[in-house]
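Heads up, the thing below is written out as structure tokens.
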There are 2 protein chains.
Amino acid sequence: MLSQKAKYALKAMLALANQENGELLQAGDIAEQQNVPRKFLELILLELRKQGLVHSHRGKHGGYTLAKPADTITFGQIVRIMDGPLAPIPCASLTRYRRCVDCADEKACAIRRAMRQVRDSAAEILDGLTLEQARRGAAHAESLTT
Amino acid sequence: MLSQKAKYALKAMLALANQENGELLQAGDIAEQQNVPRKFLELILLELRKQGLVHSHRGKHGGYTLAKPADTITFGQIVRIMDGPLAPIPCASLTRYRRCVDCADEKACAIRRAMRQVRDSAAEILDGLTLEQARRGAAHAESLTT
DNA sequence: TTGTGTCTCTATCGACCCAGTCGATTATGA
DNA sequence: TCATAATCGACTGGGTCGATAGAGACACAA
């Protein structure tokens, strides 16, 4: 399951990606336009800043902006920061592998193999989708989707 | 994330699928051979029975057995029973769709589109994998995987 | 009929995490 | 210097997860 936190993070990042040539956007504005609890969003933005995905400016006319071009930031990065590994089970994770304590023979474990496949396909999708692509996609959405 | 419950359920079902022509297997034996807390496992088996995936027999020489052939039971069915929908987010679920309260335009939502893809690929993998296939796969595993 | 060994079912527990809030602090531009 | 916005830490209420306990129902054997 994707947590609310991750969903809000994606929303916020998309909002920032939609700004014309990197203009600042304030937490309050994002919260309002995206329907996200303001204080909670601040927490999220703080974390995104610590991970180097956004820059912040304080004081009057402060706000947030993407730290990198929108076509270099992927959904996968954001989700991993908020929710941890994509793999449904730690023993199937590449980024944060952890052995199953109750698993006798990992090589032969059918569950692990299946979850590895799930992880791989999720990673392919989410690591292959940038904010920029998502932003453009959204613009075309009305005509494409029935 | 796949819960422990779902993982144990898969283990138990695989253990049952490994029985020669539908012989009974007791909860205690499954618990021991699969390294699963016994009482917790009973709960799981109970739920699997209620959902019609296993049959049970009481009394001396009681136990559990698959309710259907192993090639008609998929990982997807089991995971959904234990953990609910495969989709990372309710608005991307086919089986249990629920609208996002904080989403203005669902059609244009990039997050939903991405999660729908993740769901679809997970469903393709898990609904396409039967206990029988997993069982056979496990047997070949040693030679195939390095 | 009695005993034994299963499954069945409800209740309960502690720990942990998620979502969200509060309030004080610090930095910044006007 | 003052209003405004980000920063940070503490905290909380609720819910879920993993697991356990124990009484009861049932099947079979002796």
Side-chain angles (χ1 to χ4, degrees), chain A residues 1-12 15-16 23-32 34-67 79 81-85 88-90 100-102, chain B residues 1-12 15-16 23-32 34-67 79 81-85 88-90 100-102:
Chain A
M1 271 289 293
L2 194 77
S3 68
Q4 290 288 91
K5 218 167 143 190
K7 193 176 80 174
Y8 293 163
L10 289 171
K11 281 184 151 196
L16 290 176
E23 275 186 10
L24 289 174
L25 194 53
Q26 296 184 350
D29 294 339
I30 301 178
E32 197 176 351
Q34 300 293 329
N35 253 310
V36 173
R38 195 216 153 111
K39 276 299 195 176
F40 194 27
L41 178 64
E42 284 184 6
L43 237 55
I44 291 164
L45 288 167
L46 191 58
E47 202 163 341
L48 289 171
R49 191 195 122 242
K50 286 183 181 167
Q51 298 296 327
L53 290 197
V54 305
H55 284 151
S56 66
H57 295 276
R58 305 215 235 193
K60 225 170 192 170
H61 308 112
Y64 295 88
T65 175
L66 293 185
V79 171
I81 287 173
M82 294 295 147
D83 285 359
I89 201 171
C100 269
V101 281
D102 56 314
Chain B
M1 272 288 292
L2 194 76
S3 68
Q4 290 287 90
K5 219 168 142 189
K7 192 175 80 175
Y8 293 163
L10 289 171
K11 281 185 152 195
L16 290 175
E23 275 185 8
L24 290 174
L25 194 55
Q26 298 185 348
D29 293 340
I30 301 178
E32 197 175 350
Q34 300 292 330
N35 253 310
V36 173
R38 194 217 154 108
K39 275 299 196 177
F40 194 27
L41 179 63
E42 285 183 7
L43 239 55
I44 292 164
L45 288 166
L46 191 59
E47 200 162 344
L48 289 172
R49 191 195 121 242
K50 286 182 180 167
Q51 299 295 327
L53 291 197
V54 305
H55 283 152
S56 66
H57 295 276
R58 303 215 239 194
K60 228 171 190 170
H61 308 113
Y64 295 89
T65 175
L66 292 185
V79 170
I81 287 173
M82 294 296 147
D83 285 359
I89 201 171
C100 269
V101 281
D102 56 313

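Chain identifiers are assigned alphabetically (A, B, ...) following the order of the sequence lines, protein sequences preceding nucleic acid strands; residue numbering begins at 1 within each chain. Keep in mind it's a predicted model, so treat the numbers as computed, not measured.
The distance from atom CD of Gln26(A) to atom C1' of dA3(D) is 12 Å, rounded to the nearest whole Å. Regarding Leu48(A), its CG atom lies at a distance of 14 Å from the P atom of dC8(D), rounded to whole Å. Counting to the nearest Å, the C1' atom of dA27(D) and the OH atom of Tyr64(B) are 14 Å from each other. Note: CD (Glu47(A)) to P (dG9(D)) measures 13 Å, nearest angstrom. Look at CG on Leu25(A): it is 14 Å from C1' on dA6(D), rounded to the nearest Å.
Using a 4.0 Å heavy-atom cutoff across all strands shown, Gly63(B) reaches sugar-phosphate atoms only and no base atom. As judged by a 4.0 angstrom heavy-atom cut-off over every strand, His61(B) is placed among residues making no nucleic acid contact. Heavy atoms of Lys7(A) sit nowhere under 4.0 angstrom from any nucleic acid atom.
When all heavy atoms of Lys7(A) and Asp102(B) are compared, the pair lying nearest together is NZ-OD1, 3.0 Å. Taking both residues in full, the closest heavy atoms of Ala67(A) and Gly52(A) are given as CB-O, 3.4 Å, listed atom of the first, atom of the second, then distance. Annotation for Ala6(A) and Asp83(A): closest pair CB-OD2, 3.5 Å, computed over non-hydrogen atoms. Met1(B) and Pro88(A) make their closest contact through SD-O, 3.2 Å (heavy atoms, listed as atom of the first residue, atom of the second, distance). The minimum heavy-atom distance linking Ala9(A) with Met82(A) is given by the pair CB-CG, 3.8 Å.
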I need a per-nucleotide contact map over nucleotides 15-22 of chain D, read 5' to 3'. Cutoff is protein heavy atoms under 4.0 Å; write B for the base, S for backbone only, - otherwise.
---SBBBB
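Remark: His61(A) NE2 to Gln26(A) CD distance equals 8.0 Å, nearest 0.5 Å. Atoms CD and CG, on Glu47(B) and Leu45(B) in that order, are 10.5 Å from each other to the nearest 0.5 Å. Here the CG atom belonging to Leu16(A) is positioned 12.0 Å from the CD atom belonging to Glu23(A), to the nearest 0.5 angstrom.
Nucleotides of DNA chain C that come within less than 4.0 Å of any heavy atom of chain B span, from the 5' end to the 3' end, dG5(C) to dT10(C).
Salt bridge status for Lys39(A) with Glu42(A): present, with a side-chain N to carboxylate O gap under 4.0 Å.
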